[in-house]
Amino acid sequence: MKKTNVEKANIDWGNLPFGYVKTDFNIRYYYKNGKWSEGEITSDENILMHMAAPCLHYGQEAFEGLKAFETVDGRIVVFRPDENARRLQRSCDRIFIPQISVEMFVDAVKRVVAANAKFVPPYGTGASLYIRPLVIGMGARVGLGPADEYLFIMFATPVGPYYKGGFKPVRALVVEEFDRAAPLGVGDCKVGGNYAAGLRGSEFGHEKNYPIVLYLDPKEKRYIDEFSTSNFIGIKGNSYISPNSTSILPSITNKSLGVIAEDFGIQVERRQVDIAEVESFEEVGAVGTAAVITPVCAITYRNKEFTFGSPDNAGPVITRLYERLTKIQAGEFEDRHRWLVEVEV
Ligand code: COI
């Protein structure tokens, strides 16, 4: 357990949006002739690449998102980086990108966080250091096929809450006009194309004043899939209910909250969730690394609005889950599941 004595950057930590703030360093690995290079730390924010790179034409790219925190006792920790490493491996496998080992990924996380330690928001500010790993197909190629060369890059930027106001309820709209994923497509992988496919649906919601939209399963348009940015959870009685679907991203936050819910004696159900069931939920949340848990106070479906508790405050179960998760991340509650990985600075 080591307290850091790093002097922090001059940033208004309490008012950070979820945006890009320049930090000092990123780390890069190049894949050529069948192997990854040693990671090199650079302060260059730009990437030089060939205009025929497959990531640009055929979307051969996968990414991740995870966070580092300063704890109450002054340590720097990262939340479950091994889980992100494994999810990236699944994404890479699906779109033919060579594997990145868990060790290489976690080492890159530690190095990029240590190099940017002064940008890890101080304990108690509610902000965090968001880490964005991405891997892209490089080199010149015009015919459809996987790239011969790749770049794996990881940058970090301090962020505040994804949705304005932080842990404040938002209203959601069910979008049926557009899908973000296909039933056996890549909806369960963290690849850029899913997010591009979701932009039109998100804009459709924004135009009607909904900060977040909810997608149904693309085959039957009957079961809840996920929000534009995050997974869906519903609370009913003593149950934590979250959809299982082949077209949603396996959220690490959702997985962790399920464990916390079980710690609380709440029953966790991962199953199909018919949109007709939505009216029976007492609380709803959007969960993900960026969104953490964003309480959802209303869902509009086919011109009918279903409400969940107060529009001003999150419900009791979601509040309890949020507090336990954020306390674990801040080192204020025992890390009994060993989710935190310490970064030596
Ligand atoms: C994350 O939660 O880390 C994501 O990548 C979602 C993105 C929309 C910010």
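Residue indices begin at 1 and follow the sequence shown. Start at 1 and go down the list; that is how both ligands and their atoms are numbered.
- No side-chain heavy atom of Ser202 sits less than 4.5 Å from a side-chain heavy atom of Leu199.
- A salt bridge does not link Glu177 with Arg200: none of the charged nitrogens is closer than 4.0 Å to a carboxylate oxygen.
- Checked by atom type, the side-chain pair Arg171/Asn209 shows no donor-acceptor distance below 3.5 Å.
- Annotation: Tyr162 places no N or O atom under 3.5 Å from an N or O atom of ligand 1; distance criterion only.
- Atoms of ligand 1 lying under 4.0 Å from at least one heavy atom of Arg132, given by number and element, are 5 (O).
- Counting heavy atoms under 4.0 Å from ligand 1, residue Lys190 touches it through the side chain alone.
- At a cut-off of 3.5 Å, with distance as the only test, no side-chain donor of Asn84 or Arg86 sits close to an acceptor on the other residue.
- Here Arg222 pairs with Asp274 in a salt bridge; the nearest charged N to carboxylate O distance falls below 4.0 Å.
- The ligand atoms of ligand 1 that sit less than 4.0 angstrom from a heavy atom of Gly65 are 3 (O).
- The backbone N or O of Val142 lies less than 3.5 Å from a partner atom in the side chain of Tyr58, making a donor-acceptor pair.
- Against a heavy-atom cut-off of under 4.0 Å, Phe63 is close to the following atoms of ligand 1: 5 (O).
- One option in Thr229, Asn231, Val159 has a heavy atom closer to atom 6 (C) of ligand 1 than any other, and that option is Thr229.
- The residue Lys67 has no part lying near ligand 1, judged by heavy-atom distances below 4.0 Å.
- The option with the heavy atom closest to atom 2 (O) of ligand 1, from among Ser251, Ala290, Ala286, is Ala290.
- The closest donor-acceptor contact from the side chain of Asn116 to the backbone of Phe119 lies at 3.5 Å or more, if one exists at all.
- Residue Tyr130 places at least one N or O, backbone or side chain, under 3.5 Å from an N or O of ligand 1.
- An N or O contact shorter than 3.5 Å is missing between Tyr195 and ligand 1 by distance.
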